[in-house]
Amino acid sequence: MDRIYPELKEIVGAGFVSKEPEELFIYSRDMGTMAPCFPDVVVMPNSTDEVRKIVLLANREGIPIVPMGGGLVLSGLSRPLKGGIVLDMKRMNRILEVNETSRYAILEAGTSQGMLQAYLKKHHPKLKHSIPDAPPVATVGGNVLIHGSGHLSHAAGFHSDMLNGMEVVLPTGKVVRTGSCAASPYWFSRAPLPDLAGLFIGWLGTTGIVTRLAIKLFPNRSLSDVAVFLTEDPELVPDIIQRITGLQMAEDITAWMAPKPAWASGFQHVIVNYAADSQEELTWKRRLLYAAPRKYIDDRTGGFMPLPPNMKKTFLEAPATNLTVFADVKKGGGFEYVGAIMPIELFAQAYRLGIDIAERFNTTYSTGARIIGAGHCMMFFYAYPFNRADSLDVQRAQDALEHTNRMVLDMGGIPWKAEAPAQKEIMKRMDPDTLDLMKHVMAMLDPKGIMNPGNWEPAT
Ligand SMILES: Cc1cc2nc3c(=O)[nH]c(=O)nc-3n(C[C@H](O)[C@H](O)[C@H](O)COP(=O)(O)OP(=O)(O)OC[C@H]3O[C@@H](n4cnc5c(N)ncnc54)[C@H](O)[C@@H]3O)c2cc1C
């Protein structure tokens, strides 16, 4: 490290490389329950060429390199499990192009969700991107690369589905492009070329460093509204969701269940956000939406909840700012969640097992699901709060999370942005030939094993 430190300074400038203990402390942890791991050095590149030079250096010396966006996944994925370099991408935050006609934006990968949201509001108010409920400093790159989801996920699927193309620095220092931009000045689509994006999405920074990406944008309608359908019976929720998603009219559909506040306890809330360009269109959509689950209103097993304007405002907020309130139940609170990608028909089972686990580990919980696509699957989340100052409480949350990961796999779901131990559990259950293919892909792209090592590494 002593040898490469001056070289890193030379590449990024003295102000953007550090091995000061207080800075390494910050980069050693995230806000979840995973134990800290210290980097040897932190670097903030400002261009693709700087990333390339840093990667070549790390490659020459066989030093681990861990790309990091906002560092907000909560499951510790940008902690340097084997030390080395943390490559903080936040300086690479330029919005390079917005194509209004073909509705996409080309960005540097460290552009934050908040920056893009503010930029579009100011310069292209008729367009928006799908916003996750993560804090606004989360990066677009970090989120797309982990298969995130957000406020347009019913309309358009996972955020990775909304990716058109990427520029990637490979672990060997080569710079490649995926999607139409590999052969065209336009970054309009992943089709019709072989879809190389799959070599980098879901790999948790183990196959390359994405420096630029293009994501799809969508119409930003002038009016929006929200409807909340309530039932006490979780068994009914999949059919209610099927009926509502069948209309393909909403932007975002989430379900939410929590023991607090007391008025919410015992209810399944299905929250439907929809938008329109005129009052007439909004009224028409509301009418169809209210008719879709009619059967349950008629047999008195469910109904729409009247919402006062201040509550509507809360449900329409993007990103939602009230999500973390439950973690402050205990002073000094943090929280971590298992996000499980699974089919909608597992909803009731997933909900009941979540409550069992919370009871077994004597913790409160917040559970819910975001519907992806036209009811094609859901991201079911199990969030547990903890008191950061109480190591036993942190351990209890960690045990509950670990148990939840196993339970999700037993049910047939797959933990999303899984912690390193949960990744091993997934690989243990994976079809061996597929696991073998994964190993080959990693070895081919990263022959020295320098990229975010310790992730997607099978148990030995
Ligand atoms: C309160 C709260 C609410 C949340 N709500 C949502 C939600 O609604 N939807 C959602 O999807 N997520 C949500 N999250 C999870 C998470 O915060 C987001 O997904 C976030 O966008 C991740 O982006 P990041 O920049 O923090 O990624 P990071 O944590 O920095 O990185 C994630 C992974 O990608 C890799 N990586 C990062 N940048 C690059 C790059 N340029 N090249 C290669 N690999 C890279 C990292 O090594 C790591 O493995 C939430 C989190 C919190 C705390």
Side-chain angles (χ1 to χ4, degrees), residues 31 72 74 112-114 116-118 120-121 128-138 143 148-155 159 218 220-232 237 240-241 244-245 249-276 279 282-283 285-286 289-290 293 302-330 333-335 337 339 351 354 364-372 378-385:
M31 302 181 303
L72 282 164
L74 298 172
S112 73
Q113 301 287 347
L116 180 59
Q117 188 178 11
L120 292 174
K121 193 172 169 196
K128 64 178 177 183
H129 76 295
S130 181
I131 297 164
D133 286 316
V137 287
N143 181 266
S149 56
H151 284 245
L152 288 171
S153 287
H154 164 56
H159 290 165
F218 296 85
N220 185 21
R221 306 202 187 282
S222 52
L223 300 170
S224 56
D225 205 348
V226 58
V228 178
F229 192 83
L230 285 189
T231 177
E232 284 175 296
V237 176
I240 292 164
I241 289 171
I244 294 171
T245 53
M249 250 175 23
E251 296 199 328
D252 189 23
I253 301 175
T254 49
W256 163 73
M257 306 71 76
K260 288 178 184 171
W263 61 262
S265 177
F267 283 111
Q268 315 284 321
H269 305 70
V270 178
I271 304 168
V272 186
N273 290 29
Y274 58 107
Q279 197 55 53
L282 199 69
T283 307
K285 284 188 171 170
R286 185 182 303 130
L289 179 62
Y290 274 60
F304 283 96
M305 177 170 134
L307 286 174
N310 61 330
M311 245 175 122
K312 276 199 178 179
K313 215 170 118 201
T314 308
F315 286 127
L316 286 168
E317 222 178 18
T321 53
N322 64 347
L323 279 183
T324 50
V325 171
F326 92 108
D328 292 330
V329 172
K330 299 173 180 183
F335 83 103
Y337 64 101
Y351 165 70
T364 187
Y365 63 90
S366 170
T367 48
R370 170 163 267 135
I371 309 307
I372 313 292
M378 61 181 169
M379 189 280 288
F380 197 101
F381 65 86
Y382 302 85
Y384 307 113

- Query: Which one of Val272, Ile371, Ile240 satisfies the side chain to side chain contact (heavy atoms under 4.5 Å, CB included) criterion with Thr245?
  - Reply: Ile371

- Task: Ignoring hydrogens and angles, tell me if any N or O in the side chain of Gln117 forms a donor-acceptor pair with the backbone of Ala318 under 3.5 Å.
- Result: yes

- Query: Checking Ser366 side chain against Ala258 main chain: does a donor-acceptor pair fall under 3.5 Å?
  - Reply: no

- Given the rule in the side-chain contact (heavy atoms from CB on, under 4.5 Å) test, do Lys128 and Arg221 qualify, once you have shown the distances and angles that lead to the verdict? CA-CA 9 Å; Lys128 64 178 177 183; Arg221 306 202 187 282; over 6 Å; no

- Can you check side-chain contact (heavy atoms from CB on, under 4.5 Å) on Ile253 and Ile244, steps first, answer last? CA-CA 9 Å; Ile253 301 175; Ile244 294 171; 3.9 Å; yes

- Who passes side-chain contact (heavy atoms from CB on, under 4.5 Å) against Ser130, sequence neighbours left out? Leu152, Ser153, His159, Met162

- Query: So, for Tyr384 and Tyr382, is the gap between ring centers shorter than 6.0 Å?
  - Reply: no

- Query: Got a second to check how far Thr254's OG1 is from Asn273's CG, nearest 0.5 Å?
  - Reply: 6.5 Å

- Item | Pairwise distance NZ(Lys285) to OH(Tyr290) - rounded to 0.5 angstrom | 15.0 Å

- Message: Could you check whether any side-chain heavy atom of Tyr351 comes within less than 4.5 Å of a side-chain heavy atom of Gln268, counting everything from C-beta outward?
- Response: yes

- Message: As a quick check of understanding, evaluate side-chain contact (heavy atoms from CB on, under 4.5 Å) for Glu232 and Phe267, giving each step before the final call.
- Response: CA-CA 5 Å; Glu232 284 175 296; Phe267 283 111; 3.6 Å; yes

- Distance-minimising heavy-atom pair for Val137 and Ser112: O-CB, 3.9 Å

- Quick one: which of Phe304, Trp256, Phe315 gives a side chain to side chain contact (heavy atoms under 4.5 Å, CB included) with Val228? Phe315

- Query: Between Arg370 and Asp133, is there a salt bridge with N-O shorter than 4.0 Å?
  - Reply: yes

- Atom of Leu282, atom of Ala275 and distance for their closest heavy-atom approach: CD1-C, 4.1 Å

- Query: Of all heavy-atom pairs between Ile372 and Met379, which one has the smallest distance, and what is that distance?
  - Reply: CG1-N, 4.2 Å

- Give the C-alpha distance, both sets of side-chain angles, the deciding distance and a yes or no for side chain to side chain donor-acceptor pair (under 3.5 Å) between Tyr274 and Arg286. CA-CA 8 Å; Tyr274 58 107; Arg286 185 182 303 130; 3.2 Å; yes

- Task: For His151 and Glu317, work out which heavy atoms get closest and say how close.
- Result: CE1-O, 3.2 Å

- Item | Approximate separation, where rounding is to 0.5 Å, of Ser149 OG and His154 NE2 | 13.5 Å

- Note on the structure: Heavy-atom closest pair (Ala155 atom, Ala250 atom, distance to 0.1 Å) is CB-O, 4.1 Å

- Item | Minimum heavy-atom distance between Asp225 and Lys312, given as atom pair plus value | OD1-NZ, 3.0 Å

